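Heads up: the structure comes next, in structure tokens.
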Amino acid sequence: MGVLDRATRYLARLDELDELWHEEVDPFVSLADKVVVESALLALVTGRAPSPSIQEAARRLAKTVAPHARSTRNRALLMRFPHTARSLGIAHVALSRAGVEDSEFDELIGEALASGQLEALERPPFRAMELCWLRALHEKTAPAFGPLIEMSILSTPAHPIYMAGPEAYALTHALMYLTDFGLRQLPAEADSQRCVDMIDASIAWHLIGENLDLLGECLLAASFIGEPWSPYARCGWHALSRSWATLGFLPSPSFDPDQFESKGAKERSAYAFRHVYHTEYVGGMLLAALLRHPDEDSGANGRPLASLPEGKRRGDLRRRCNDAVRRSRAFWLERGIDVVEESKDRWVSSPSHRGLAGTVALLSSSQTAAGRPGALWRSLIDEPSAEASELELETVLCDALLIHACREYELATLASLIARRVRNGSATETTIEAITFLVRQQLPSGAIGAHLVYDEALHGQGVRELAVMIDHALAGACLFLARKAATISERPAERRTMTDQAKGSN
Amino acid sequence: MKGEPLGHTQIQQVMSALSEAKVVDLDASVRSLVEPIASALKLEDGSTVGLHVLCCNEYFLVTGLTGGPLGDIEQRANRISRSLDSS
């Protein structure tokens, strides 16, 4: 409710704030318009919570937002430029469904939606889903997303190892619109397990990336998918809620504390709200969603760690991995280095490097912000929760570190982690993606690592060590993948062939 | 894949412009890319390593979100919170 009260207080002085912000989202829509739209959505989604006090607070917010959403300026804009209904229309429709209606403005929106001009803009698939959702909300019908799901990121092999910010938002927003913010079931055309996997990997990404906005949106999406929360979601919620409690607010990734401090008192308040509101709104919607699905999402009946699915993709990876190891070894042998010989007995891990402790040690040694004493992920260790076992915690943090190592190109960390995961026989989808990433770093020469594009880099002191680590990791991955294939094969001949391949890798 | 390396000055200019435009947080992005590899290679001219590592990861650099690190925000949380509540 604090989120709603704060939003209502600030929206009451929106005109004053708009003068202090001086920001345009696009030539037609200002930052103030964006805040109005998102405040209307907050009122709609939180108003669905089964709590009279929250419903009343949501209604107060809706009434405060309404004059801004249905201003004279907006009426003129919609008449002249009907495509602005894509953004300005959301506020009106959300307010109407939240119980604050305006029949005249509704006719204006209807006219704009019927003009055909909203479809005349080139937008990503999730924005087309947004329009579909908006129409259905306006007409009080069930949305028909048609081929949009197939065209969206939900139907791709997207993974946080490669994703950038826009893709992360595309993922979360697609799930918001497809489910009408949790009110409807995910359409059958969307693979719910695949959606869970993508969201889980994204949660792991943001646990180290510390983007609280995207972390919150991922948790919101996890609630909307309709499946019990995974260990990733439970850990993500633990970290987000602890951060919220500690800070007293939820900063957006754009919050620059130096910029904040450089301003006078009035401007500071405007700056702080501008760079906090979106993440707090996500937090507010998430709390409302949790109130509606308490048992499914709390972790008491949470889903366990998913077992690694089988498939052609892993067979292909096994072959590529074997090939990568063979070519890399040949490359180094030509230069007088036997990486197989050098790797023998080098990695007998001590107890302190195994399990959760080992993962925490690796994270703590990171040279990036992830290694700092107050890093977001540490709340999972410093204040453990009964909602995740030690194994689940290790798996989540390991995935987070794998993603981080790939994105930051920390090949030594990546190789070390892969070696540990495959030795333990406990790989996840992210482990498989990380192995694939490492295999993709192979040059035509057979060397692995972008740093070896230049010949002079071959003579660096650490190159040999890194090559041995990478060989150890990929050789272990080959064995792991062969064992996995052997356990599902029903044909003895095929099993012998895979074993021979695995032996050949060593 | 071989090719002529980009001059350090050219890359420096591009990165400075991206940093000034707050598209890239140089401290979080470039340093973490360059330093581990440079220290592993112990090359005297770390910028040569940095150049082709940057080329492999430039997509991340130009699309990454920037702002203050969470640690910096935590240190000023009380002031920020008071400011938010002052409205």
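First the proteins, then the strands, lettered A, B, ... as listed; each starts at 1. Here the structure is a predicted model, which means the values were calculated and not measured.
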Looking only at side chains, do Glu433(A) and Tyr162(A) share a donor and an acceptor under 3.5 Å apart? no
Is Leu212(A) close to chain B through its backbone or its side chain, or both, or neither, when contacts mean heavy atoms under 4.5 Å? side chain
Counting only non-hydrogen atoms closer than 4.5 Å, does Asn78(B) touch chain A with its backbone (N, CA, C, O), its side chain (CB onward), both, or neither? neither
Given that the side chain runs from C-beta out, which part of Phe260(A) has a heavy atom under 4.5 Å from chain B: side chain, backbone, both or neither? side chain
Could you walk me through whether Ser252(A) and Tyr277(A) pass side-chain hydrogen bond (donor to acceptor under 3.5 Å, both in side chains), step by step? CA-CA 8 Å; Ser252(A) 297; Tyr277(A) 89 92; over 6 Å; no
Chain A heavy atoms under 4.5 Å from Arg79(B): which part of the residue, side chain, backbone, both or neither? both
Pairs satisfying salt bridge (Lys or Arg N to Asp or Glu O under 4.0 Å), at least one member in residues 262-272 of chain A, at least two apart: none
Considering residues at least two apart in sequence or located in another chain, which fulfil the side-chain hydrogen bond (donor to acceptor under 3.5 Å, both in side chains) criterion with Ser364(A)? Arg378(A)
